[in-house]
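The structure under discussion appears below in the form of C-alpha cells.
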Number of protein chains: 2
Amino acid sequence: MRLVIAKCSVDYAGRLSAHLPLAMRLLIVKADGSVLVHSDGGSYKPLNWMSPPCRLAESGTEWVVTGKSGETLTVHLEEIISDTSFALGEDPGLVKDGVEAHLQELLAAQLHVFGVGWRLVRREFPTAIGPVDLMCRDAVGISVAIEVKRRGEIDGVEQLTRYLELLNRDPLLAPVQGIFAAQEIRPQARVLAEDRGIRCVTLDYESMRGTDDGALRLF
Amino acid sequence: MRLVIAKCSVDYAGRLSAHLPLAMRLLIVKADGSVLVHSDGGSYKPLNWMSPPCRLAESGTEWVVTGKSGETLTVHLEEIISDTSFALGEDPGLVKDGVEAHLQELLAAQLHVFGVGWRLVRREFPTAIGPVDLMCRDAVGISVAIEVKRRGEIDGVEQLTRYLELLNRDPLLAPVQGIFAAQEIRPQARVLAEDRGIRCVTLDYESMRGTDDGALRLF
DNA sequence: GAATTTATCTCGTCC
DNA sequence: GGACGAGGTAAATTC
C-alpha cells in the first residue's frame, strides 16, 4: 500500500466525467492497483477512485489509472508532501454476525412470542448431528426445539426433523416438539413442517428489534 | 488527517456486529473525527469505519470511536508501524460534468433528433456572456442555439433568452432560433420558453445512449 | 454464473 | 428538515 499526500487535481472519465480542482489530498494506491483519492472529511467514500482491476501508468507528475472498461482516472501532482509504502499482506476479512445469529439472540430473549411461561434451556444446544438453535421448555415443561432461519425453506424443515428424531430418542427429553421460526417461510416448507407436526412461526425482525428487552435497544 | 499503519483488530457494534481479526491495516482519522480501516485490497469501501459525527477516545493501545447513535468502533492496536498527521485543509469538492455534458455530447452527434439536414457549427460556442451549448444550422441554413439541461427550469430559459438576444445582434448569424432541450422540462419553463418562441425538446437519455454512433459506447 | 436484494449504504434533490 | 430516488452504486444472496 502506497500513501501519497499531495497537492493534486484529479479527473475521471467513465460513466460520467468528474473533476477535482487543485487541493491537498491523500492518494492511496492499493496492492491490487486500485486508487483512492480522499479529502480530510466526508464519509468513507473517496472523492474519486478507480476500482480494480486497473492499471496505473506513472509519468512525471501525472498518473493515469485505466480501468477494465477503458475509464480513466487522471491525477496531476503539483506538490508531493509525503510518499510512503507499506507491505500489509492479505487481510483475513470482515466477520459479520449476520441476521440469523441476531434473530436467534432476539428470540432467546423473547420466548414469550411462543407462549407464556416458556424458558430457555440453552442456545446452540449440542446434539450428535449438530447444534439445535434454541432448546426450550414450554409452560408445562415440554421440550421444544426451535430452528431459526432468515428464509425458511424445505432444507431447514428437514434439518429440524432430523434433530427432533434424534432428540425424541432421549427419554429425558422426549417428547420434543418442534418450531420452525423464520422471517419468511416458503409455502412448500410450511406444508412439509405442518404435515410433520412442526409449528411454523414467522418472525418480524423489525418489531422484535423494537420490542426487545432494552439490553438490545442500544441502537 | 492522521494516517496510522498498524497491526490491529477491530470491532464494530451498531446496526450489526462485525469483527476484524488481527492484521496489518491502514487507519485513517479524518479532521471531522471519522475513522476508516482499510486493507491493501478490496474496493473503495473500508473494511470498517465510523462516520461523522463521532468522537475518538484514545487510551493506551485501544481506540474507541463512538457515533451519534451510540454505535462503537473499537480498535485494538498491537503494533504501530507508522503514525503521521497532515493538515490538508478544506476540499473544493467534486465537480460532476456528468449528465449535462454527456447529453450535450450525445446531442451533438445526433442532431437528426431536431430535423434532417442539420449540422453542428460548434459545441460551447463562445459569446461575451458565456458559451452556448450547441450552435447549429438547420436544413435551410438558419442558425439555431441549443441550451442543454438535465432538468429544464426557468433559469435555463432565461439563460438561453440572453444568448439569443445577444446572438441576434450579429448580422452574420441573425435570425437565430432557440431550442431548449432537457430530459425533463418543468411546465413553467415550457410555458415561458414557448411564449418566447423557443422550441422545447425533451430528451430520452437512455435511448440516446443506446442509439449513439458507437464512438460513445466505450463505457 | 446471472439475477435479485441488501446496505452501518452514500449522496443529491425535492418538498 | 425529512422523504424520495439514483449511484462510476458495491456486495451478498438467491435462483
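This one's a predicted model, so the numbers in the text were calculated from it and none came from an experiment. Here is how names work: the chains are called A, B, and so on, in the same order as the sequence lines, proteins then strands, and each is numbered from 1.
- At whole-Å resolution of the value, NE2 in A:H38 and P in C:dT10 are 13 Å apart.
- Side-chain contact check for A:L26 versus B:F86: every heavy-atom pair is 4.5 Å or farther apart.
- Between C:dT8 and C:dT4, the two P atoms lie 22 Å apart (nearest whole Å).
- Side-chain contact between A:L166 and A:I129: present, with at least one pair of heavy atoms (C-beta onward) separated by less than 4.5 Å.
- Between A:I179 and A:I146 the shortest side-chain heavy-atom distance falls below 4.5 Å.
- Note: CG (A:L47) to P (C:dT10) measures 15 Å, nearest angstrom.
- Contact between the side-chain N/O atoms of A:S43 and the OP1/OP2 oxygens of C:dC11 is found at a separation under 4.0 Å.
- With D:dC15, C:dT8, D:dG8 as the choices, the nucleotide that has an atom nearest any side-chain atom of A:Y12 turns out to be D:dG8.
- In this structure, A:Y44 does not count as stacked on the base of C:dT10 under the 5.5 Å centre distance and 30° plane angle limits.
- Across all strands shown, A:M50 has heavy atoms under 4.0 Å from base atoms, whether or not it also approaches the sugar-phosphate.
- Per the geometry, NZ belonging to A:K45 stands 15 Å off C1' belonging to D:dA11, to the nearest Å.
- Atom P of nucleotide C:dT10 and atom NZ of B:K68 are separated by 13 Å, given to the nearest angstrom.
- At the heavy-atom level, B:S51 lies under 4.0 Å from the strands shown only through sugar-phosphate atoms.
- Between B:V75 and B:M50, the closest side-chain pair of non-hydrogen atoms is not below 4.5 Å.
- Comparing D:dG8, C:dT8, D:dT14 by their closest approach to the side chain of B:N48 singles out C:dT8.
- A gap of 22 Å separates the P atoms of C:dA3 and D:dG8, to the nearest Å.
- Contact detail for B:R196 and B:T161: the closest heavy-atom pair is NH1-OG1, 2.8 Å.
- Within the structure, a side-chain polar atom (N or O) of A:R186 is placed less than 4.0 Å from OP1 or OP2 of D:dC15.
- The separation between B:E71 atom CD and C:dA7 atom P is 16 Å, rounded to whole Å.
- If you measure from atom NZ of B:K30 to atom C1' of C:dT10, you get 12 Å, rounded to the nearest angstrom.
- In this structure, A:L94 atom CG and C:dA7 atom P are separated by 14 Å, rounded to whole Å.
- In this structure, A:K149 atom NZ and D:dT14 atom P are separated by 10 Å, rounded to whole Å.
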